[in-house]
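The structure appears below as structure tokens.
Just follow the structure's listing: the first ligand is 1, and inside any ligand the first atom is 1.
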Amino acid sequence: MTYPQLTMLIAGEAVGAAGRRSHAVVNPATGASLGELPLADAADLDRALAAAAAGFRRWRDTPAAKRAQVLLGAAALLRERQEDIARNATLEQGKPIAETRLEVVSAINLFTFYAAECQRVYGRQLTRPAGLRSIVTHEPVGPVAAFAPWNFPIINPARKLGAPIAAGCSVILKSAEETPASALALVQALHDAGLPGDVAQAVFGVPDEVSRHLLASPVIRKLSFTGSTVVGKHLMKLAAEDCKRTTMELGGHGPVLVFADTDLDRALDSLVANKYRNAGQVCVSPTRFLVEDSIFGRFRDGFVERARAITVGDGLAAGTRMGPMANPRRPEAMDRLIGGARDAGARLLTGGQRVGNQGFFYTPSVLGEVPIETAIMNEEPFGPVAILNPMAGEAEMVAEANRLPYGLAAYAWTADGARQRRLAREIEAGMVSLNGAGVASPDSPFGGVKWSGHGHEDGPEGLMACLVTKAVHEA
Ligand code: NAD
């Protein structure tokens, strides 16, 4: 199968580029154009809003068992279509196909989880005198405007769709213009499984135009955004004008605390694989490695050796462990952040260069002893660069972990059980991984604190974020 013809999906219809502005979708491994993506104009967005309002009125009254059936049907279709979806996602985003195949599996697991979870939204009844009652119920919040980024082209939009649809909401999804085919495949699977075309719609456009238009409409009752903190703050202000509910998954700067008592080889194998997954373009990527002085040299050497062994290449080629960066903005950011760190006295231990003369490839990079005032120590690098800094001990490591306004994922490697519990409490983050890499699964809440956002996706929390609570009192 070839890369698909790109459309929007508005009110159940495929809307093409004819008569509209369009955007060239590019393969980041080659720089070659994959196709033209239609961009919504104001009339398209108004049509989507009217459809979302109508779709919501019917879908909220659709029994949970029927909503579950649709989600399970879509999960089955994703399983059948896994290879095509994964291939197209790799073509438009760049990561190795083994990673996009796993993304399809994650989307299947998420839809399956919410199919079950939406049938367990319980209210409660309070008994009053004289046979009267008060009833507490949870109702879907309403039409959702959802914005998903390009770094996880399949699982990001799946998160934007799964919980709201399970809850009885309608969704207008604007996934990233870099990775439209993946988002369209998800919405199409839902439609093919019986979801009405006005309950899930896919639009693309100039991001600021689309978000301003949708968030200005009273039809939209919730904003769900994944992306950078700076854009997230801007969208929160727009949502505040109409007091819309928000779920914000924003940036991170993952601290990793590595103690001398840990199994160093196990830690390094896990951490290096996790660091360079998706070329570091991961909001929960481990970034600041804070390593106890006594093992710093061994940790640094083991890290650099493993980073140098990573095969960089086209995500569709056998043996590729790291693909290109997703767009030309990322290698530019790497050059700026790594250059700034070197100018300030940091040691470049490996990498720090672009690779080849086509596409957006960058070498797996490691910086050592990076001064705290550099941009890379304060800004989310979102790329294949690790920062290794020696630290005196636990108190200093915790202080550095909590220094930044970000609080998404944090990692700690230590064999000491009491210290594990202390760190889990002291580190300011939405997710803490002890002696491992995993921070996401469909049944557990995914989200951050401080500038990393608020609210959750995944887990029962992700469903509750799509519901409002009502108390009905009989008198
Ligand atoms: P960006 O901040 O311009 O865009 C990030 C995402 O937000 C994209 O998907 C984009 O389409 C969307 N976006 C941008 N402006 C928007 C607006 N006004 N309304 C609605 N959506 C909007 O930057 P970028 O160059 O694409 O990515 C750079 C930075 O974004 C990275 O350094 C990283 O910090 C952050 N990012 C975070 C995540 C995440 O998972 N949290 C994912 C992708 C990018």
Tell me the protein heavy atom at minimum distance from atom 17 (C) of ligand 1, and give that distance in Å.
S211 OG, 3.6 Å

Any idea which part of R330 is under 4.0 Å from ligand 1, heavy-atom wise: side chain, backbone, both or neither?
side chain

Identify, for atom 9 (O) of ligand 1, the protein heavy atom at the shortest distance, and state residue, atom and that distance.
P149 CA, 3.2 Å

Applying a strict 4.0 Å limit to heavy atoms, is K174 in contact with ligand 1?
yes

Answer with yes or no whether the side chains of T350 and R308 bring together a donor and an acceptor at under 3.5 Å.
yes

Around atom 34 (O) of ligand 1, find the nearest protein heavy atom and jot down its residue, atom name and distance.
E380 OE1, 2.4 Å

Among all protein heavy atoms, pick out the one at the shortest distance from atom 25 (O) of ligand 1; state its residue, atom name and that distance to 0.1 Å.
R329 NE, 2.6 Å

With heavy atoms under 4.0 Å as the rule, classify the contact between R212 and ligand 1 as side chain, backbone, both or neither.
neither

Return yes if some donor-acceptor pair links the side-chain N/O of R288 with the main-chain N/O of E400 below 3.5 Å, else return no.
yes

For L235, atoms of ligand 1 separated by under 4.0 Å from a heavy atom:
19 (N), 20 (C)

Here the atoms of ligand 1 under 4.0 Å from any heavy atom belonging to A176 are 9 (O)

Decide, yes or no, whether a salt bridge links E92 with R87 under the criterion of side-chain N to carboxylate O below 4.0 Å.
no

Scan side-chain atoms only and decide if D46 and H213 contain a donor-acceptor pair under the 3.5 Å cut-off.
yes

Using a 4.0 Å heavy-atom cut-off, say whether V210 meets ligand 1 through its side chain, its backbone, both or neither.
neither

When distances are taken from atom 12 (C) of ligand 1, the protein heavy atom at minimum range is F225 CE1, 4.2 Å

the protein heavy atom lying closest to atom 35 (C) of ligand 1 turns out to be S228 CB, 3.5 Å

Donor-acceptor pair between T90 and T100 side chains, under 3.5 angstrom:
yes

Classify the contact between N151 and ligand 1 as side chain, backbone, both or neither, using a heavy-atom distance cut-off of under 4.0 Å.
side chain

salt_bridge(E241, K244) N-O dist < 4.0 Å:
no

Regarding R21 and D41, does a basic nitrogen lie under 4.0 Å from an acidic carboxylate oxygen?
no

Regarding T246 and K222, is there a side-chain donor-to-acceptor distance under 3.5 Å anywhere?
no

Taking atom types as modelled, is there a side-chain donor on N278 or Q93 under 3.5 Å from an acceptor on the other?
yes

Provide the number and element of each atom of ligand 1 under 4.0 Å from a heavy atom of C283.
39 (C), 40 (O), 41 (N)

Pairing of E332 and R329 as salt bridge, 4.0 angstrom limit
no

Can you confirm whether some protein heavy atom lies under 4.0 Å from atom 23 (O) of ligand 1, or whether none does?
no

Decide, yes or no, whether a salt bridge links E13 with R47 under the criterion of side-chain N to carboxylate O below 4.0 Å.
yes

Distance to 0.1 Å, residue and atom name: give those for the protein heavy atom nearest to atom 38 (C) of ligand 1.
F382 CZ, 3.4 Å

Going by the order shown, which atoms of ligand 1 are within less than 4.0 Å of some heavy atom of F147?
20 (C)

Contacting atoms of ligand 1, where contact means under 4.0 angstrom from a heavy atom of T226:
39 (C), 40 (O), 41 (N)

Close side-chain approach of L161 and L186, heavy atoms under 4.5 Å
yes

Basic-acidic side-chain contact under 4.0 Å: E457, K160:
yes

Distance-only N or O hit between ligand 1 and N156, under 3.5 Å:
no

State the atoms of ligand 1, each with its element, that fall below the 4.0 Å cut-off from a heavy-atom position in L250.
41 (N)

Considering only the protein, which heavy-atom contact is closest to atom 3 (O) of ligand 1, and what is its distance?
V231 CG2, 4.4 Å

